[in-house]
Colleague: 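This is the structure I have questions about; it appears just below.
Excluded from the calculations below are hydrogen atoms, water molecules and symmetry mates; all remaining heavy atoms, backbone and side chain alike, are included. Order of the sequence lines sets the chain letters (A, B, ...), proteins ahead of strands, with each chain counted from 1. This one's a predicted model, so the numbers in the text were calculated from it and none came from an experiment.
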Amino acid sequence: MRQYIVYALALGIVWCFVSGEASILNFMVGSVLGILIIWSLKKLYQPDENVPYKNIIARIPKLATFFAILMIEITKASILVAKIVLWPKLEIKPGIVAIPLRATKDVSITAIANTISLTPGTLTIDVSDDLAKIYVHSIDASDPEALKVSIRDKLEKYVLEAFE
Amino acid sequence: MTTATDIIGNVFFLAGILFVFVGMVGLLRLPDVYNRLHATTKIATLGTFGVMLSIAIKAGFSTMGLKAITVGIFLLLTAPVVAHMVARAAHRSGTKMWTGSVIDEYAEDNKREKESQI
């Protein structure tokens, strides 16, 4: 129950941002709408009643590092892909590589998959049914082992620190 | 102060436009659906995010600035999901990969799974 109230208040803040007016009345309208949204989507999610809120606050520095690394990686990879696209001769070796995962929680697997998709040059296609492998389409799959190592060391390490 | 924010905003705006342009060139040049997704859903998303960021910097902490930031964050959150769903649907419906593709472990694993079920 407490979790639903926290979510509704968070949605109220989002409503303030979207409507572009930060006032008490607007925040209350957003919260009421948030309660309606959460109530109608409740069946899709299993509520996890004992979320350790203190844990989340303690993790904020690590989340910040994760987002900083993410932005740097995205910019670097964007320039790389832009170079491939604008190069007169098309030199690509695309392919789908299975990458083993160490993460076990749904949240961290979602974060890893979205991070991989957001980084240009790699795109998540699917997760295996036992959550042990993730299938990644890469624009340059000439060296699958190097790709596995780079995702494990560059991205997964920070996701594991931030979410588990 | 105003000129400084203007310059930074313009730099982000130009970078964003450039990335959108590169994304569209990629859509035309790259060979198959998966490679085209790389160009459109991500480089173009980054470009749009750059434009939103420049609006936010120029408009400051006002109605327009807040809306621009919100739109940018929503783009960053939803673009990877869309790319993933399109790619997965394409692969499941049997869209062939480009002939120059070097490896497809997803298809291999799917085949192995089907054989083990029989």
Colleague: Pick whichever of A/Val136, A/Val14, A/Leu118 has the most heavy-atom pairs under 4.5 Å with chain B.
Modeller: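 Most pairs with chain B among the choices: A/Leu118.
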Colleague: Group every Ile, Leu, Val, Met, Phe, Trp and Tyr by side-chain heavy-atom contacts under 4.5 Å, then state whether A/Ile112 and A/Val127 land in the same group.
Modeller: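 Yes: a chain of side-chain contacts under 4.5 Å links A/Ile112 to A/Val127.
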Colleague: By number, which residues in residues 13-23 of chain B have some heavy atom less than 4.5 Å away from chain A?
Modeller: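 Within residues 13-23 of chain B, the residues that come under 4.5 Å of chain A (heavy atoms only) are B/Phe19, B/Val22.
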Colleague: Going hydrophobic residue to hydrophobic residue with side-chain gaps under 4.5 angstrom, can you get from B/Leu76 over to A/Val81?
Modeller: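 In one cluster: yes.
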Colleague: With rounding to the nearest 0.5 angstrom, report the CZ to CD1 distance, B/Arg88 to A/Ile125.
Modeller: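 It is 10.5 Å, given to the nearest 0.5 Å.
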Colleague: Check which hydrophobic residues are tied to A/Leu123 through side-chain heavy-atom contacts below 4.5 Å, counting indirect links as well, and list them.
Modeller: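 Members other than A/Leu123 - counting any ILVMFWY side chain reachable under 4.5 Å - are B/Leu37, B/Val82, B/Val86.
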Colleague: Quick one: NE2 on B/His84 to CG on A/Asp126, what's the gap to the nearest 0.5 Å?
Modeller: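 If we round to the nearest 0.5 Å, B/His84:NE2 and A/Asp126:CG are 6.0 Å apart.
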Colleague: Quick one: what part of B/Leu28 sits under 4.5 Å from any heavy atom of chain A, side chain, backbone, both or neither?
Modeller: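 B/Leu28 has no heavy atom closer than 4.5 Å to chain A.
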Colleague: Return the minimal non-hydrogen interatomic distance between B/Tyr34 and A/His137, and the atom names on each side.
Modeller: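 Looking at all heavy atoms of both residues, the shortest contact is CB-NE2, 3.4 Å.
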Colleague: Do A/Leu11 and A/Trp39 sit in the same hydrophobic cluster, where Ile, Leu, Val, Met, Phe, Trp and Tyr count as joined when their side-chain heavy atoms come under 4.5 Å apart?
Modeller: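 Different clusters.
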Colleague: Verify the cluster assignment for A/Tyr7 and A/Ile35: are they in a single hydrophobic cluster under the rule of side-chain heavy atoms below 4.5 Å apart?
Modeller: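 Per the 4.5 Å side-chain linkage, A/Tyr7 and A/Ile35 are not co-clustered.
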Colleague: Would you mind checking which part of A/Thr110 comes under 4.5 Å of any heavy atom in chain B, side chain (CB onward), backbone (N, CA, C, O), both or neither?
Modeller: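 Neither the backbone nor the side chain of A/Thr110 comes within 4.5 Å of chain B.
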Colleague: With a cut-off of 3.5 Å and sequence neighbours excluded, list every side-chain donor-acceptor pair involving residues 65-72 of chain A.
Modeller:
from: A/Thr65; atom 1: OG1; to: A/Pro61; atom 2: O; distance (Å): 2.7
from: A/Thr65; atom 1: OG1; to: A/Lys62; atom 2: O; distance (Å): 3.3

Colleague: Determine, step by step, whether A/Val85 and B/His38 satisfy the side chain to side chain contact (heavy atoms under 4.5 Å, CB included) criterion, reporting the C-alpha distance in whole Å, the side-chain angles of both residues, the deciding distance to 0.1 Å, and the verdict.
Modeller: CA-CA 10 Å; A/Val85 166; B/His38 284 295; over 6 Å; no
Colleague: For B/Phe12, is the CZ atom crowded, meaning more than 12 foreign heavy atoms sit under 6.0 Å from it?
Modeller: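 Not more than 12 within 6.0 Å, no.
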Colleague: Look at the side-chain heavy atoms of Ile, Leu, Val, Met, Phe, Trp and Tyr, link any pair under 4.5 Å apart, and say whether A/Ile99 and A/Ile109 land in one connected group.
Modeller: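 Yes, one cluster joins them.
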Colleague: Can you sort out the partners of A/Lys133 under salt bridge (Lys or Arg N to Asp or Glu O under 4.0 Å), two or more places apart, ordered by chain and number?
Modeller: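 Testing A/Lys133 for salt bridge (Lys or Arg N to Asp or Glu O under 4.0 Å), a comparison that skips the adjacent residues, returns B/Asp109.
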Colleague: Relative to chain B, which segment of A/Thr115 carries a heavy atom at a distance below 4.5 Å: side chain, backbone, both, or neither?
Modeller: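 A/Thr115 has no heavy atom closer than 4.5 Å to chain B.
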Colleague: Chain A: which of B/Thr70, B/Leu77, B/Thr45 shares the most heavy-atom pairs with it under 4.5 Å?
Modeller: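 The residue among B/Thr70, B/Leu77, B/Thr45 with the greatest pair count is B/Thr70.
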Colleague: Quick check on the interface: out of A/Ile116, A/Thr124, A/Asn114, who has the most heavy-atom pairs with chain B under 4.5 Å?
Modeller: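 Highest number of pairs under 4.5 Å: A/Asn114.
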